[in-house]
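Reading through the structure tokens given below for one structure.
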Amino acid sequence: MIVLLKEEYLDQVIEIENSSFEKPWSRKNFLSEIANNDLSELYIDVVDGQVVSYGDLWYMFENCDLTKIAVRPDKRNQGYGKKMLKHLIGIASSKGCEFMHLEVNVNNKEALNLYEGYGFETVRTRKRYYENGDDAFDMILGLIGIEQPKKVLAIESSCDETACAIIDEDLNVYSSVVTSQIDVHARFGGVIPEIASRMHVEQISTIVNEAIKQAHLTMDDIDAVAYTIGPGLIGSLHVGATAAKSLAFFYDKPLIGVHHLKGHIFINEMIKPLSYPMMALVVSGGHTELVYIEDDQTFKIIGTTLDDAIGEAYDKVARLMKEAYPGGPVIDRLAKEGQHHYQLPTPKVDGYNFSFSGLKNAVLQTVKKEEAAGNQINNNDLAYDFQEVALNSLINKTKKALEEYPCKSLVLAGGVAANSRLRELMKENFSDKDLILPPLKYCTDNALMIACAALHYLKAGKFVSLDASSMSSMSIED
Ligand code: KG4
Ligand code: ZN
């Protein structure tokens, strides 16, 4: 994610600087870039907590100077330089700059190729510009009328997270803000819909404003507003819908109503491009589905749960074990210290469908039986056995489905995709496939996933009108 330089990343930037330039900037130089945000801006690209590249712009009236771009040595030739340059061009043109200027060593062929590829033209040669006697080219790029990647602002409020994110067509993330109500609902052992809606109302304006502020953009820079239209808690959905519709109406932007599960699926594009046909194993608090995806607009559910969703089963089983809500992460943790001890039945369902209520009832019966016998339940072992049975049923059905529906890639999606054992089993069983697991921070609900999916609606011109109804239940096929 490309953001303005913050002090916490300074050490990493200095390390890249020292390995990239003969006359590196000092810490003081960088600190003044942080302090002096009106005249100059230094952007960093942070991937998994590591700075992979940075680029610096100085603004001078209608012009700007690209003073430097650097990529971490082990990340070179992977497109990060291009990504940063594109970002800086976008930023400069959205700030109204007419020209971008830079100097480059005439012998630096790689950099010259990069700049020429983006339309920079050499306007003069500066003789012996560098200390070693090398010449420099002065290059200029006209920014007026430059095509900018379209940007989408997306809102998610389908359950107990209020979130807003801004992304562009090239998957540059400008901001992603999430606030969770989980601590409040945990007191009640589950999400209380009325409390959820009220808390969304309290949070939504702050979250949207924060996302715009962190992106250093205004609503004028946004090309479309997206929101989760369903499925989810109806009161919660309405809060996000109302906010999105108000923005779309006031700023005259097209409106996109995103299916929540498509968000969970398309967030995987943050890892790498998806190839079709693709199979998605969707595992969340409300859904367990095997979805065959022919192309980015065509979805077919080939298997679904006949009763509880997998996340719901985790939450209910944790409650039976008198553990905290949400149960998924708790069982994940407990099972790590457990071993096989309790005999639980494997769900038997035809085709690619799932069922977890029999397994949940078996856990209940086990707890009752042990309590009646005066035995202490071993929650680690019970979590282990529940999890092994539940997850293996997911894996087996997925395997079977892939035999009938050969796919180019397989993605895991939804809150339960955060489960460490499921991730392990997916890797063990599908190592021969193009398997994509979502980054942990994007498994549970967030708005970046809605923004990623919204780009596909935008591409297909699928918009909704201001009177579109939110839907508590809604098929991914529609
Ligand atoms: O996708 P999500 O955030 O909300 C829905 O769209 O439903 O999923 C929430 C579900 C909850 O049931 C939660 O217990 C489960 O995801 N979950 C997990 C883990 N982290 C969250 N389940 C198993 N293991 C985890 N580590
Ligand atoms: Zn979700």
Side-chain angles (χ1 to χ4, degrees), residues 154-163 165 178-182 185-186 189-191 193 196 200 227-234 236-237 240 258-268 280-289 291 304-305 308-321 323-336 338 356 359-360 383-384 386-394 411-426 437-453 471-474 476:
I155 294 172
E156 153 66 30
S157 71
S158 66
C159 190
D160 55 348
E161 270 87 23
T162 321
V178 184
T179 172
S180 176
Q181 314 168 353
I182 220 150
H185 298 293
V191 177
H200 284 304
Y227 68 104
T228 306
I229 193 165
L233 301 171
I234 195 67
S236 296
L237 287 168
V258 174
H259 190 288
H260 181 80
L261 296 184
K262 288 188 187 170
H264 278 302
I265 291 169
F266 285 118
I267 190 73
N268 284 292
L281 173 61
V282 182
V283 282
S284 74
H287 294 83
T288 312
E289 283 174 4
V291 187
T304 186
T305 179
D308 291 350
I310 177 84
E312 190 182 356
Y314 264 90
D315 295 336
K316 286 178 178 170
V317 164
R319 197 181 310 167
L320 293 175
M321 290 165 31
E323 297 286 351
Y325 173 86
V330 179
I331 291 185
D332 192 353
R333 186 169 35 80
L334 287 173
K336 286 200 172 100
F356 298 104
L359 176 60
K360 176 192 68 188
Y384 175 91
F386 159 76
Q387 179 162 278
E388 286 304 304
V389 174
L391 298 185
N392 276 300
S393 103
L394 294 177
V411 303
L412 187 61
V416 183
N419 185 275
S420 58
R421 179 68 179 139
L422 177 57
R423 296 172 82 91
E424 200 173 276
L425 284 170
M426 292 292 285
L437 303 177
L440 276 184
K441 61 180 170 195
Y442 297 140
C443 286
T444 42
D445 294 348
N446 60 83
L448 194 54
M449 65 187 219
I450 303 304
C452 287
M471 279 166 278
S472 58
S473 66
M474 177 184 183
I476 198 168

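Counting starts at 1 for both ligands and their atoms, following the listed order. FYI, side chains are in, hydrogens and waters are out, and symmetry mates aren't considered; it's all heavy atoms of this structure. The chain is numbered in sequence order, starting from 1.
Under the 4.5 Å side-chain criterion, counting only non-hydrogen atoms from C-beta, His264 is not in contact with Val283. Using a 4.5 Å heavy-atom threshold, the side chains of Pro438 and Leu412 count as touching. Annotation: side chain of Val291 is in contact with side chain of Ile476 (closest heavy-atom distance under 4.5 Å). Under the 4.5 Å side-chain criterion, counting only non-hydrogen atoms from C-beta, Cys159 is not in contact with Gln181.
Distance alone, capped at 3.5 Å, places no donor-acceptor pair between the Asp445 side chain and the Glu161 backbone.
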Where does ligand 1 get N/O contacts under 3.5 Å from the protein, atom by atom?
unit_1, atom_1, unit_2, atom_2, d
ligand 1, 1 (O), His264, NE2, 3.0
ligand 1, 1 (O), Gly415, N, 3.0
ligand 1, 1 (O), Asp445, OD1, 3.3
ligand 1, 3 (O), Asp445, N, 3.3
ligand 1, 3 (O), Asp445, OD1, 3.2
ligand 1, 4 (O), Asp445, OD2, 3.4
ligand 1, 6 (O), His260, NE2, 3.1
ligand 1, 7 (O), Gly285, N, 2.8
ligand 1, 7 (O), Gly286, N, 3.3
ligand 1, 8 (O), Gly285, N, 3.4
ligand 1, 12 (O), Gly311, O, 3.2
ligand 1, 12 (O), Asp315, OD2, 2.8
ligand 1, 14 (O), Asp315, OD1, 2.7
ligand 1, 14 (O), Gly328, N, 3.1
ligand 1, 24 (N), Gly328, O, 3.3
ligand 1, 24 (N), Asn419, ND2, 3.0
ligand 1, 26 (N), Asp332, OD2, 2.9

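When all heavy atoms of Met449 and Asn446 are compared, the closest pair comes out as N-OD1, 2.9 Å.
Scanning for side chain to side chain contact (heavy atoms under 4.5 Å, CB included) contacts around Asp308 gives Glu312, Lys316, Phe356, Ser357, Lys360, with sequence neighbours left out.
Among residues at least two apart or in separate chains, side chain to side chain donor-acceptor pair (under 3.5 Å) pairs with a member in residues 414-425 are Tyr314-Asn419, Asp332-Ser420, Lys336-Ser420, Gln387-Asn419, Glu388-Arg421, Arg421-Glu424.
Distances shorter than 2.8 Å separate the Zn ion (ligand 2) from the protein N/O/S atoms His260 NE2, His264 NE2, Asp445 OD1.
There is a side-chain donor-acceptor pair under 3.5 Å between His260 and Ser158.
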